[in-house]
Amino acid sequence: MHRLPPLLLLQAASLSEAALRFGCATVSSQRLDPLVEPGQVPSAHVHQIVGGNAFNASMAGDIGEQATCTTCTYSEDFSNYWTAVLYFRHPTNGSYKRVPQYPNAQLGYEGRDARDIKGGMTIYYTERDFETDGDEYISAFKPGFRMTVGSPTITNLSDAQRQPGLRYTCLEDILTRSHETYELPARPCPAGIMAIHHFPTCWDGVNLDSPDHQSHMYNTKPPGDGGFLNVDKCPESHPVKVPQLAYETMWNTSMFADMWPADESQPFVWSFMDSKGYGTHADYVFGWKGDSLQRALNSSCMFHGCGSPGVQGVLKTQPIADMNKCAVENTVTEDTEGWLSELPGSR
Ligand SMILES: *[C@@H]1O[C@H](CO)[C@@H](O)[C@H](O)[C@H]1NC(C)=O
Ligand SMILES: *[C@@H]1O[C@H](CO)[C@@H](O)[C@H](O)[C@H]1NC(C)=O
Ligand SMILES: *[C@@H]1O[C@H](CO)[C@@H](O)[C@H](O)[C@H]1NC(C)=O
Ligand SMILES: *[C@@H]1O[C@H](CO)[C@@H](O)[C@H](O)[C@H]1NC(C)=O
Ligand SMILES: *[C@@H]1O[C@H](CO)[C@@H](O)[C@H](O)[C@H]1NC(C)=O
């Protein structure tokens, strides 16, 4: 089990490092991929994106200064975070229907019902440092920084096992946080499917990006291991310790519960036509305004304690209604939501 258990959370409260966990509503869902296919309209497959409204096919520069609103809880976070979209393939007629997303119930607190957040994802910036003294300095990412994890070109288990921290959890209920798999769950999951993406924590300190969008980063996690990283020594090639970014996306499969295939085959498929789930991947473009992320990382704040109504935190928050209001208009105008005879981009 790699989630943060409650006991460890208590211990962590005394350490000198911050751990951010917050919700971001959906800002856009369309076929754009500014990181891997910049400028291409439409891109190869559908993505679901959260964060600032500077998102577009060719975004560049400091989006923390370009965006004017964000779907994230922290109103200074104009970053963009995205993954592919999960579809359901109807077992008898072969049509596809997008699986809806739902917000993480743990994001609620007094006066704020997380269920009001429109879809989106849970975002973490953390490094698990429960055993050592917590004094490692963690640098924020720099304006223009971007990276990916995973790849839609991965099609078998042995390659998937080389990707640290990319997993699925079959949700028995909305709070299930154990039993992670490399492939999409092969059985109906009562509360849906959680897709988990952890990013590496060591940066080369020079390049804001790299040709494969990954080699400027280094993962201290051995292949096969999942989950959040403990604070580890970064290698000389990638000496700068950055926070570990992680996404959790909750896919609500309940509307398909009575359509499970008679032959027991797994009916869900990523928007890039992957029904195994080995090609799971995620993208990030940094966009915190000014020094706001560093300010939080320098503090010792924990989750809601980093800023929430009623809790004076180091970060500014905004009401859920304002998160949900921020949106990016689609530049690719095709149906991605109805029952579709084929996946967008599959031709
Ligand atoms: C996309 O954003 C960039 C800046 O990041 C801007 O220069 C460009 O004009 C935008 N493109 C569109 C089509 O809005
Ligand atoms: C396939 O089945 C779904 C669910 O009953 C239905 O909404 C959709 O229109 C069907 N597609 C076709 C092509 O008949
Ligand atoms: C997995 O896929 C890669 C790339 O297509 C291939 O090189 C490798 O041999 C495959 N491994 C197995 C065990 O099938
Ligand atoms: C999932 O979707 C169903 C409708 O199909 C809805 O009733 C339910 O509340 C949703 N679950 C969550 C956790 O949002
Ligand atoms: C964070 O801490 C470093 C090292 O102590 C300091 O140089 C920097 O000014 C701090 N940044 C912020 C935004 O607090």
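As a basis for the values below, the full set of heavy atoms in this structure was taken, side chains included, without hydrogen atoms, waters or symmetry mates. Start at 1 with the first residue, then count along the sequence. Remember, it's 1-based here, ligands and their atoms both numbered in the order they're listed. Everything numeric here is computed off the predicted structure, so don't read it as measured data.
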*What atoms of ligand 3 come closer than 4.0 angstrom to any heavy atom of Ser158?*
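Reading through ligand 3 atom by atom, the close ones are 11 (N), 12 (C), 13 (C).
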
Students should be able to answer this: which protein heavy-atom is nearest to [atom], and at what distance?
atom: atom 12 (C) of ligand 3; answer: Asn156 ND2, 3.3 Å
atom: atom 14 (O) of ligand 4; answer: Tyr102 CB, 3.5 Å
atom: atom 4 (C) of ligand 3; answer: Asp159 OD2, 3.8 Å
atom: atom 13 (C) of ligand 2; answer: Ser95 OG, 3.3 Å
atom: atom 5 (O) of ligand 2; answer: His90 NE2, 4.1 Å
atom: atom 2 (O) of ligand 2; answer: Asn93 ND2, 2.3 Å

*Using the ring of each side chain (for Trp, its six-membered ring), is Trp270 parallel, tilted or perpendicular to Tyr168, with breaks at 30° and 60°?*
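If you compare the ring of Trp270 with that of Tyr168, the planes turn out tilted.
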
_For the NZ atom on Lys142, are there more than 12 heavy atoms of other groups (residues, nucleotides or ligands in this structure) within a distance under 6.0 Å?_
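Counting other residues, nucleotides and ligands, NZ of Lys142 exceeds 12 neighbours.
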
*Decide if atom NZ of Lys97 counts as having more than 12 heavy atoms of other residues, nucleotides or ligands within a radius under 6.0 Å.*
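Buried by this count: over 12 neighbours within 6.0 Å.
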
*Is it possible for you to say whether Tyr247 and Phe145 belong to one hydrophobic cluster, with membership spreading through side-chain heavy-atom contacts below 4.5 Å?*
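Linked, Tyr247 and Phe145 end up in one cluster.
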
*asked:* Within the 3.5 Å criterion, strictly below it, is a donor on Thr83 or Asp283 matched to an acceptor on the partner's side chain?
replied: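 Result is no, nothing qualifies.
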
*Looking only at side chains, do Thr148 and Gln214 share a donor and an acceptor under 3.5 Å apart?*
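Yes, Gln214 and Thr148 have a side-chain donor paired with an acceptor closer than 3.5 Å.
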
_Pro100, Ser254, Ala257: member with heavy atom nearest to atom 3 (C) of ligand 4_ =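 Nearest option to atom 3 (C) of ligand 4, by heavy atoms: Ser254.
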
*When you measure from atom 8 (C) of ligand 4 to each heavy atom in Thr253, Val99, Asn252, which option holds the nearest one?*
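The nearest heavy atom belongs to Asn252.
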
_Within the structure provided, determine whether Gln163 and Tyr182 are in side-chain contact (heavy-atom separation under 4.5 Å)._
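Result no, sub-4.5 Å side-chain heavy-atom pair not found.
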
